[in-house]
Structures are given as structure tokens and as C-alpha cells.
Amino acid sequence: MALYAIGDLHLSLSANKPMDVFGPGWADHVSRLEAAFSRLEPEDTVVLCGDTSWGIDLQESLADFRFIDRLPGRKLLVKGNHDYWWTTAAKMRRFFADNGITTIDILHNNCHLYGDWALCGTRGWFYEEEQSGHNEKVFNREVLRLEASLKAAEGRPAIAFLHYPPLYTGYRCPEVIAKLEAYGVQRCFYGHLHGPTHRRAIEGRLGGVDYSLVSADYLQFVPKKIED
């Protein structure tokens, strides 16, 4: 049994969104993902850190979910900024059940357990979105969702999974970082950064938290092993 993380699969098996337009690093990425996941075991857990499917709704994303469901292991989905299919947790779980999808669940306003660890997460916030007007409300909700997830851990040691990086060269999201530190999060994994922006990612221990980028193209489409 092992715990893994990877973000930004950007699947489009029913949508016309080929990722190789973003450069040769994305060539044949679905087959590369499938090959990497094939080395996992059914009892493993993989947290998918957002931007999982380009589908505009659940139905258009169904082929992507079925692809993920066929891969070994339990998968926990975090919302990304391009996950337009995302709706309420109840609707998503009902959709999965109605379509025979059994290995996928949602990490949103809750936590899941892996051994002694609590797996917590939410989308987060990023510098490219201004914190004013409507966005301020969305931002505040994201901070509250992160706190709700961390509270659900009920004092267990927590690992956080975000889509947006909470810190970045030249940028910090102090509200998100403060929650991670206040709840004693030991490790935080995030995605969203691609291509040339990889070099601006911040990794390593800061303020008691170890940060790691797990965007699929950064990991060469191989899930990052976190825990045995």
C-alpha cells in the first residue's frame, strides 16, 4: 500500500483539447499516464490535484473518469481552475455511482484517511486572480474550505493537497499558508504550474511545511510517491 500525488492530468477523451499543442513535453501524455499508473497496486491511493478533465460538465468528462477508474488504486479528486464539470459533492458521487465508477472520490470540505494521516485539500488561490469584488468572496470561501478540511482531520497529522501553489517565486498567499501552519500541516502538494513556470516553483521546507510541485508534466506523468 502506498500514497501518491499528481496534478493536472488535463484529460480530454471526449473533448477536443489535445495537450500536445502546449509543446512536445505533452506528447502522448495519456499513454504515458496509463503506463505509469499500471505500476501501482489496487490498494494504493492517488490524490489528483486538480485540472483532471477538460469536460465542461460531468457527462462530457465521463470518458475521462472511466479512464481514471480503470487505473489501479483509489483516486481522490481536488478541484482545479479548469474543472468546469465540478458540481456538488453529492451530485458527483451520485454520477459516479450511476455510471459504475467505484475508485474515485472527492476531497472537498472533508478529509480522507490514509493510515495515520489525514489527507486534506481544496483548490486554493493564486496571484493571477485579484482578491476584490466577487473574487474576494471566492477567495474567502477557499480559505474556509481549507480550514474545514483541516478541522475534519480531528488532530491527526495532516498532508495538504492544493491545486494552486500557496507560494511561488515573488508571491505568497499568506491566508492559505497561515492555515497550513496553524493546523500543523507537515507536507503540502500543489499543481497548476506548467512548462517554463516550473522553474519558479518553490519546493522544500518553509515555516515548518514541506512544499512539492506535482503537476503531471513536471513529474513526467509519473505519480509522486509520498508514503508507503
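For this chain, numbers begin at 1 and follow the sequence in order. Note: hydrogens, waters and symmetry copies are ignored here, and every other heavy atom, side chains too, is used.
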Point to revise | Residues R93 and D105 bridged, charged N to O under 4.0 Å | key: yes
Review point. Closest heavy-atom contact between P72 and S38?
Key: CG-CA, 4.3 Å
Review point. If you look at every heavy atom in A158 and L150, which pair is closest and at what distance?
Key: CB-CD2, 4.3 Å
Review point. Hey, what do you get for CG (D8) to SG (C49), rounding to the nearest 0.5 Å?
Key: 8.0 Å
Exercise for review: Check whether any side-chain heavy atom of L146 sits under 4.5 Å from a side-chain heavy atom of L180, and report yes or no.
Suggested key: yes
Check your understanding: Does the side-chain contact (heavy atoms from CB on, under 4.5 Å) test come out yes or no for Y114 and I159, once each step is laid out?
Key -> CA-CA 10 Å; Y114 179 87; I159 303 174; over 6 Å; no
**Study point:** Verify same cluster id: F189, Y171 (apolar side-chain graph, 4.5 Å)
**Key:** yes
Exercise for review: Any chance you could measure D98, atom CG, to K91, atom NZ, to the nearest 0.5 Å?
Suggested key: 13.0 Å
Exercise for review: First locate atom CD of E147, then atom CD of E142, and finally report the distance between them rounded to the nearest 0.5 Å.
Suggested key: 13.0 Å
Review point. For N99, what residues pass the side chain to side chain contact (heavy atoms under 4.5 Å, CB included) criterion, not counting sequence neighbours?
Key: L62, R66, F95, I101
Check your understanding: Just by modelled atom types, is the V78 backbone N or O under 3.5 Å from a matching donor or acceptor in the H163 side chain?
Key -> no
Point to revise | V222, L71, I6 screened by side-chain contact (heavy atoms from CB on, under 4.5 Å) with L33, the one that passes | key: I6
Practice item. Kindly indicate whether the side chain of L219, heavy atoms from C-beta on, has any atom under 4.5 Å from the side chain of Y4. Key: no
**Study point:** Min side-chain heavy-atom separation M92-T87 under 4.5 Å
**Key:** yes
Exercise for review: Rounded to the nearest 0.5 Å, what's the gap from CZ on R156 to OH on Y183? Could you check?
Suggested key: 15.0 Å
Exercise for review: Starting from the C-alpha separation in whole Å, work towards a yes-or-no answer on side-chain contact (heavy atoms from CB on, under 4.5 Å) for W85 and W54.
Suggested key: CA-CA 8 Å; W85 50 268; W54 278 112; over 6 Å; no
Exercise for review: Mind listing the closest non-hydrogen atom pair of Y190 and A201 along with its distance?
Suggested key: OH-CB, 3.5 Å
Practice item. Starting at OG of S12, measure out to NE2 of H29 and round the result to the nearest 0.5 Å. Key: 6.5 Å
Exercise for review: State plainly whether one hydrophobic cluster holds both V138 and L162, where clusters connect Ile, Leu, Val, Met, Phe, Trp and Tyr through side-chain heavy atoms under 4.5 angstrom apart.
Suggested key: yes
**Study point:** Flag side-chain contact, heavy atom, 4.5 Å: L119 against F161
**Key:** yes
Check your understanding: What's the verdict on side-chain contact (heavy atoms from CB on, under 4.5 Å) for F65 and L58, showing C-alpha distance, side-chain angles and the deciding distance?
Key -> CA-CA 9 Å; F65 296 138; L58 287 169; 3.9 Å; yes
Check your understanding: Taking T197 for the side chain and H194 for the main chain, is one N or O donor matched with an acceptor at less than 3.5 Å?
Key -> yes
Check your understanding: Crowded around D116 CG? As in, over 12 foreign heavy atoms under 6.0 Å?
Key -> no
**Study point:** Nearest heavy atoms of T103 and G73, plus distance in Å
**Key:** CB-O, 3.5 Å
Practice item. Check whether any side-chain heavy atom of Y211 lies under 4.5 Å from a side-chain heavy atom of I177, and answer yes or no. Key: yes
Practice item. Taking the side chain as every heavy atom from C-beta outward, state whether E60 and Y84 have any pair of such atoms under 4.5 Å apart. Key: no
Check your understanding: Considering all heavy atoms of both residues, which atom of G191 and which atom of L213 are nearest to each other, and what is their separation?
Key -> O-CD1, 3.8 Å
Check your understanding: Are M1 and L113 connected in a single hydrophobic cluster, I mean Ile/Leu/Val/Met/Phe/Trp/Tyr linked by side-chain heavy atoms less than 4.5 Å apart?
Key -> no
Point to revise | Under 3.5 Å side-chain donor-acceptor pair for H10 and D217 | key: no
Practice item. State whether the side chain of D51 and the backbone N or O of N81 hold a donor-acceptor pair below 3.5 Å, judged by distance alone. Key: yes
Exercise for review: For the residue pair L76 and T45, establish whether any side-chain heavy-atom pair is separated by less than 4.5 Å.
Suggested key: yes
Practice item. Is it possible for you to say whether L144 and F139 belong to one hydrophobic cluster, with membership spreading through side-chain heavy-atom contacts below 4.5 Å? Key: no
Check your understanding: Where do H108 and R145 land on the side-chain contact (heavy atoms from CB on, under 4.5 Å) test, with the steps shown first?
Key -> CA-CA 7 Å; H108 188 72; R145 284 178 179 136; 3.6 Å; yes
Practice item. Quick one: closest heavy-atom pair of G121 and S149, and the distance? Key: N-OG, 3.0 Å
Exercise for review: Report yes or no: is the cationic atom of R123 (NZ for Lys, CZ for Arg) under 6.0 Å from the centre of the six-membered ring of W86, at an angle within 45° of the ring normal?
Suggested key: no
Check your understanding: With P165, which of H192, E203, R172 fulfils side-chain contact (heavy atoms from CB on, under 4.5 Å)?
Key -> H192
Point to revise | Close side-chain approach of I226 and W117, heavy atoms under 4.5 Å | key: no
**Study point:** CD/E34: more than 12 non-hydrogen atoms of other groups inside 6.0 Å
**Key:** no
Check your understanding: Out of curiosity, E154 CD to C111 SG, how far, rounded to the nearest 0.5 Å?
Key -> 7.5 Å
Review point. Hey, does the side chain of D228 reach the backbone of A2 with a donor-acceptor pair shorter than 3.5 angstrom?
Key: no
Review point. Taking only residues two or more places apart in sequence, or in another chain, which ones meet D83 in a salt bridge (charged side-chain N to carboxylate O under 4.0 Å, His left out)?
Key: none
